[in-house]
Amino acid sequence: MTYLKLEVTMEKSVVLVIGFWLLLLGNGVQSHRQDKKHQSLPRDQPYRTGYHFQPPKNWMNDPNGPMYYKGVYHLFYQYNPYAAVWGNITWAHSISYDLVNWINLDIALSPGDPFDINGCWSGSTTFLSGEKPVILYTGSDTMNRQVQNLAEPKNLSDPLLREWVKSSHNPLMSPVDGIDPKNFRDPTTAWQGPDGLWRVLVGNEMDGHGRALLYRSQDFITWSQSKEPIHSSTRTGMWECPDFYPVSIDGKNGVETSSLDKFTKQVLKASFDNSDHYVLGNYTAVTDNFLVDTDFLDNGSDLRYDYGNFYASKTFFDSGKKRRILWGWILESDNTTDDVKKGWSGLQVI
């Protein structure tokens, strides 16, 4: 990250950017460089990045719910506000105009309710009708079961979306009918089918095999599970952080998640074995049938986003520039002792 060093040459852009920063600072929002917590880190920090996103301090893992809303890019991420090790997981929140210079906002979601008392875990954002963004996320409840919850912005007129309210209907999806309560997490961005119903996938493992469970809803509150997962594999274990989205087969632009364009292929990504694997296939929206070209690890196939240290990725459709953007978590190779000593752990790649 380049923090406050904004290299903008056009006069109008300079005015726009400076005005944006003054607005943020006037509302009590702090940049990375101005965050007082950052000053408590050891002075010698040769391994902090100059470009890739990372919070001022402490532990970070999965990117969550990235989106573009009213001219502002939002990135949420799994974050421990108290230490450079995993635990006390919240949804931290940062914003940007260019995906390089970032400003930290207050934490968006923190554990505190029966349905997420043991952690606000990974999830996604979806735009409902009227361009209303909502969050679906996994909560670890009082019994350490994994359940799926909903949160909504408190003030839609705020382009920074600084406050979020958890739904009184939570949890929306619970591990019933034989679903392993400890392997039921990470809901995808939802999409709308031709019948008007919303659909969402949730990562799961059954009898040692990875699955993407399919749920449908009319109102985004009451969800029913499909009899069959949208896809599963006997060659893999638990599917974490699934992602499901269309890509164009005859163009270079990104495709909106609910697009029913026939000139697309569907990507199904699953995180397992410390890597992000994906398959391509044809998705029939009317029947919710997904027929893959070549399955995970089948016939020597090993399609991955990246073959290095890259995991728990999440994409979003950038409506401003008609592109799909991919975020991924890099754990790095430090041990816990090193992380505690330097005061931080993890970064994001884009």
Is the count of non-hydrogen atoms from other residues, nucleotides or ligands lying under 6.0 Å from Glu228 atom CD greater than 12? no
Check ion pair Asp62-Lys314 (N to O, under 4.0 angstrom): no
Would you compute the distance between atom CD of Gln218 and atom OG of Ser224 and round it to the nearest 0.5 angstrom? 10.5 Å
Answer with yes or no whether the hydrophobic clustering places Leu213 together with Trp198; edges join I, L, V, M, F, W, Y residues whose side-chain heavy atoms lie under 4.5 Å apart. yes
Joint cluster assignment, Trp91 & Tyr68, ILVMFWY side-chain distance < 4.5 Å: no
If we count only N and O atoms by modelled type, under 3.5 Å, do the side chains of Asp106 and His93 hold a donor and an acceptor together? no
With distance as the sole test, does Asn80 use its side chain to make a donor-acceptor pair with the main-chain N or O of Gly87 at under 3.5 Å? yes
Ile135 side chain near Leu150 side chain, heavy-atom distance below 4.5 Å: no
Verify whether the ring centers belonging to Phe244 and Trp191 lie closer than 6.0 Å. yes
Write down the atom of Val202, the atom of Pro242, and the distance for their closest heavy-atom approach. C-CG, 4.3 Å
When you measure from the side chain of Glu240 to the backbone N and O of Ser271, does any donor-acceptor pair fall under 3.5 Å? no
Strictly by modelled atom types, are Asp180 and Asn183 linked by a side-chain donor-acceptor pair under 3.5 Å? yes
Any chance you could measure Ser301, atom OG, to Tyr278, atom OH, to the nearest 0.5 Å? 8.5 Å
Could you tell me whether the side chains of Asn88 and Tyr79 share a donor-acceptor contact shorter than 3.5 Å? no
Where is the tightest heavy-atom contact between Trp329 and Gly346, given as atom of each residue plus distance? NE1-CA, 4.0 Å
Step by step, work out the side chain to side chain contact (heavy atoms under 4.5 Å, CB included) result for Val100 and Tyr51. CA-CA 7 Å; Val100 177; Tyr51 179 80; 3.6 Å; yes
Return yes if a side-chain donor-acceptor contact under 3.5 Å exists between Tyr137 and Asp116, otherwise no. yes
Answer whether the closest heavy-atom distance between the side chains of Val340 and Val85 falls below 4.5 Å. yes
Any chance you could measure Ile221, atom CD1, to Ser167, atom OG, to the nearest 0.5 Å? 4.5 Å
Partners of Arg324 by salt bridge (charged side-chain N to carboxylate O under 4.0 Å, His left out), sequence neighbours excluded? none
Could you grab the distance from atom CG of Asp158 to atom CD of Glu163, nearest 0.5 Å is fine? 8.0 Å
Do you know which two heavy atoms are closest between Phe290 and Val279, and how far apart they sit? CE2-CG2, 4.2 Å
Is there a donor-acceptor pair closer than 3.5 Å between any side-chain N or O of Gln54 and the backbone N or O of Leu347? no
Hey, any chance Met206 and Val147 share a hydrophobic cluster, counting ILVMFWY side chains that come within less than 4.5 Å of each other, even indirectly? no
What I want to find out is whether Glu152 reaches Lys132 closely enough, with some N-O distance under 4.0 Å, to be called a salt bridge. yes
Is any side-chain heavy atom of Asn149 closer than 4.5 Å to a side-chain heavy atom of Leu109? no
Could you check if a side-chain atom of Glu332 sits within less than 4.5 angstrom of a side-chain atom of Trp344, using non-hydrogen atoms only? yes
Got a donor-acceptor contact below 3.5 angstrom from the Arg185 side chain to the Lys182 backbone? yes
Verify same cluster id: Ile325, Tyr77 (apolar side-chain graph, 4.5 Å): yes
Less than 4.5 Å apart, any side-chain heavy atom of Pro56 and any of Asn104? yes
Is the backbone N or O of Trp223 less than 3.5 Å from a side-chain atom of Ser217, with the two atoms forming a donor-acceptor pair by type? no
Pair Lys166 + Asp113, salt bridge at N-O below 4.0 Å: yes
For a 4.5 angstrom cut-off between non-hydrogen side-chain atoms, does Tyr69 reach Phe127? yes
Quick one: does Ser174's side chain have a donor or acceptor within less than 3.5 Å of a partner on Val176's backbone? no
How about CG on Asp250, more than 12 heavy atoms from neighbouring residues, nucleotides or ligands closer than 6.0 Å, or not? yes
Polar side-chain atom of Ser275 near backbone of His277 as donor-acceptor pair, under 3.5 Å: no
Given Trp164, Phe53, Phe316, the one that forms ring-ring contact (aromatic ring centres under 6.0 Å, His included) with Phe76: Trp164
For the NE2 atom of His209 and the CE atom of Met238, what is their distance to the nearest 0.5 Å? 14.5 Å
Residue pair Thr138 / Gln148, side-chain donor-acceptor N/O under 3.5 Å: yes
Asn61 backbone acceptor or donor facing Gln348 side chain under 3.5 Å: yes
Report the C-alpha separation of Arg216 and Asp195 in whole Å, then their side-chain angles, then the decisive distance to 0.1 Å, and conclude whether the salt bridge (Lys or Arg N to Asp or Glu O under 4.0 Å) test is met. CA-CA 11 Å; Arg216 301 183 185 91; Asp195 54 6; 5.7 Å; no
Could you tell me whether the side chains of Asn101 and Ser96 share a donor-acceptor contact shorter than 3.5 Å? no
Would the number of heavy atoms belonging to other residues, nucleotides or ligands and lying under 6.0 Å from CG of Asp219 be above 12? yes
Can you find a pair of side-chain heavy atoms, one from Tyr245 and one from Thr188, that are under 4.5 Å apart? no
Give a yes-or-no answer on whether the side chains of Asp302 and Tyr307 include a donor-acceptor pair shorter than 3.5 Å. no
Can you name the nearest heavy-atom pair linking Trp121 to Ser140, along with the distance? CZ2-CB, 3.9 Å
Step by step, would you call Tyr311 with Asp276 a side chain to side chain contact (heavy atoms under 4.5 Å, CB included)? CA-CA 6 Å; Tyr311 197 70; Asp276 276 18; 3.6 Å; yes
For residues Ile107 and Pro81, report the shortest heavy-atom separation together with the two atoms involved. CD1-CB, 4.0 Å
Side-chain touch Trp239/Leu268, heavy atoms, less than 4.5 angstrom: yes
Under 3.5 Å: donor-acceptor pair, side chain of Thr189, backbone of Thr125: yes
Would you say Lys341 has more than 12 foreign heavy atoms packed within less than 6.0 Å of its NZ? no
Side chains of Gln78 and Asn64, donor plus acceptor under 3.5 Å: yes
For residues Asn282 and Thr284, is any side-chain donor paired with an opposing acceptor at under 3.5 Å? no
Could you walk me through whether Cys241 and Lys269 pass the side chain to side chain contact (heavy atoms under 4.5 Å, CB included) check? CA-CA 8 Å; Cys241 303; Lys269 186 275 296 186; 3.7 Å; yes
Minimum heavy-atom distance between Ser258 and Gln192, given as atom pair plus value: OG-N, 2.9 Å
Can you get from Leu161 to Leu99 by hopping between Ile, Leu, Val, Met, Phe, Trp and Tyr side chains that sit under 4.5 Å apart? no
Is a donor on one side and an acceptor on the other found under 3.5 Å between the side chain of Asn118 and the backbone of Asp141? yes
Begin from the C-alpha positions of Met173 and Gln225 and carry the test side chain to side chain contact (heavy atoms under 4.5 Å, CB included) through to its verdict. CA-CA 9 Å; Met173 291 165 261; Gln225 182 187 349; over 6 Å; no
